Number of protein chains: 2
Amino acid sequence: MTDQKLRTILQEHGLKATYQRMAVLEYLVTHKTHPTAEMIHEDLSNISLATVYNTLDKLIETGLIIAIDIHDDGKRHFDYYGEPHYHVINQQTSEIIDADNFDMAPLFEAARKASGLTITGYHIEVYGVKSENP
Amino acid sequence: MTDQKLRTILQEHGLKATYQRMAVLEYLVTHKTHPTAEMIHEDLSNISLATVYNTLDKLIETGLIIAIDIHDDGKRHFDYYGEPHYHVINQQTSEIIDADNFDMAPLFEAARKASGLTITGYHIEVYGVKSENP
DNA sequence: CCCCCTTATTAGAACTATTCTAATATATAT
DNA sequence: ATATATATTAGAATAGTTCTAATAAGGGGG
């Protein structure tokens, strides 16, 4: 993804297009690894950890990325959220698999009915284990 | 819920029926407040915080309760999971609303297809805000 | 019914992911 | 180009959770 594209995305979401934000956003766009803040900081070694956290907070506020809490490791993982999707988590390995083969609209309608709220988003994690008989 | 019932539930899930576990489980069964470990510890004042955490871990392992991470407050919240349900979270107030008016079986099937795993459970949080025009 | 042994509880220390501070630097509108 | 509000940073601080190791208690076997 070009710098100009990253700059535009950030500005369209009301964020100043700093070098650090462009780098963190590009990292999340191009890595499917659901990294932690520490992992991003290690790879982008010229950006401070505080800035990684600050930037992740801003990107979450805009909805560009989401956070996933894996209870196994106690760390927050982050995921670019360009297209809505959900996560399937292997309980034996903590591997996170992206999936988008399900229409969430009926769930939104059910949630609206149950709560009276205007639905703005969702986080779905489905847990599984390796099949006994593949 | 009677002590005998609590004892039976714990033993059926392979856990020793200690006073502390019965108290924590009963607390979660009877409180719809999605409490944190600290809140449980404050209310059950004769049970140590370490035991509250240990017990919550054990109850999660058995599937009797689940954890919900609210990113707003950085604390883990816990919820008795006697019947499958999902959560609608008011982003303005962090209020957690239980809802069960949606059949998750099709999502399980989609997740199985996407991952090849045998699905064992799910955590769903739907986010919303107060409607503009109620 | 009472041991025995495994498992649970506890207080407090330790850990660590995340947030805060306050000084410096940078983006962007004018 | 300048001003100004906003962003970055290193390091300290915070706080939720986990660990330690000593004590207590559940419950199966006799």
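No experiment lies behind these values; they were computed from the predicted model shown. Chain naming here is simple, since letters A, B, ... match the order of the sequence lines and numbering starts at 1 in each.
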For this session: Take B:Asp57 and B:Arg7, find for each the nucleotide of DNA chain D with the closest heavy atom, and name the residue whose nucleotide sits nearer the 5' end.
Result: B:Asp57
Exercise. Are A:His87 and A:His34 close enough that their ring centres sit under 6.0 Å apart?
Worked result: yes
Exercise. Over how many whole Å does the gap from B:Asp69 atom CG to D:dG16 atom C1' extend?
Worked result: 11 Å
Seminar exercise, completed: With A:Asp73 as partner, the option from A:His77, A:Lys75, A:Arg76 fulfilling side-chain hydrogen bond (donor to acceptor under 3.5 Å, both in side chains) is A:His77
Exercise. Can you check the A:Met39 CE to C:dA17 P distance for me, whole Å?
Worked result: 13 Å
Exercise. Base, sugar-phosphate alone, or nothing: which one does A:Lys16 contact when heavy atoms must sit under 4.0 Å apart?
Worked result: base
For this session: Report which part of the nucleic acid B:Asp73 touches: base, sugar-phosphate, or nothing (heavy-atom distance under 4.0 Å, all strands).
Result: nothing
Exercise. With a non-hydrogen cut-off below 4.0 angstrom, is B:Thr51 in contact with a base, only sugar-phosphate, or nothing?
Worked result: base
For this session: List the steps and the verdict of side-chain contact (heavy atoms from CB on, under 4.5 Å) for A:Ile65 and A:Asp79.
Result: CA-CA 5 Å; A:Ile65 70 171; A:Asp79 191 14; over 6 Å; no
For this session: Please tell me which of the listed nucleotides, D:dG11, D:dA7, C:dT28, lies nearest to the side chain of A:Ala50?
Result: D:dG11
Problem set entry | Whole angstrom value for the distance that separates P of C:dA17 from CZ of A:Arg76 | 13 Å
For this session: Compare side-chain N and O positions of A:Tyr53 against OP1 and OP2 of C:dT18 and report whether any pair is under 4.0 Å apart.
Result: yes
Exercise. Can you check the B:Ile47 CD1 to C:dA11 C1' distance for me, whole Å?
Worked result: 15 Å
For this session: Look at the side-chain N and O atoms of B:Thr18 and state whether any lies under 4.0 Å from the OP1 or OP2 oxygen of C:dT9.
Result: yes
Problem set entry | A:Tyr86/A:His123 aromatic ring centres below 6.0 Å | no
Exercise. So does B:Gln11 get a side-chain nitrogen or oxygen closer than 4.0 Å to the phosphate oxygens (OP1/OP2) of D:dG27?
Worked result: yes
Exercise. Is the centre of the B:Tyr122 ring less than 6.0 Å from the centre of the B:Phe108 ring?
Worked result: yes
For this session: Measure the distance from NZ on B:Lys58 to C1' on C:dA8 and round it to the nearest whole Å.
Result: 9 Å
Exercise. What does B:Ala37 touch in the nucleic acid at a heavy-atom separation under 4.0 angstrom: a base, only the sugar-phosphate, or nothing?
Worked result: nothing
Problem set entry | Nearest-angstrom distance from the residue atom NZ of B:Lys75 to P of C:dT19 | 13 Å
Exercise. Whole Å only: how far is the CD atom of A:Glu61 from the C1' atom of D:dA7?
Worked result: 14 Å
For this session: Could you tell me whether the phosphate oxygens of C:dA17, OP1 or OP2, come under 4.0 Å of any side-chain nitrogen or oxygen in A:Thr36?
Result: no
For this session: Would you please confirm or rule out a distance under 4.0 Å between OP1 or OP2 of C:dT9 and any side-chain N or O of B:Arg21?
Result: yes
Exercise. Have A:Gln91 and B:Thr120 got a donor and an acceptor in their side chains that come within less than 3.5 Å?
Worked result: yes
Exercise. Roughly, in whole Å, what's the span from OH in A:Tyr19 to C1' in C:dT24?
Worked result: 19 Å
Exercise. Under 4.0 Å: is that the gap between some side-chain N or O of B:Gln20 and OP1 or OP2 of D:dA25?
Worked result: no
Exercise. Closer to the 5' end of DNA chain D via nearest nucleotide, is it B:Gly74 or B:Asn54?
Worked result: B:Gly74
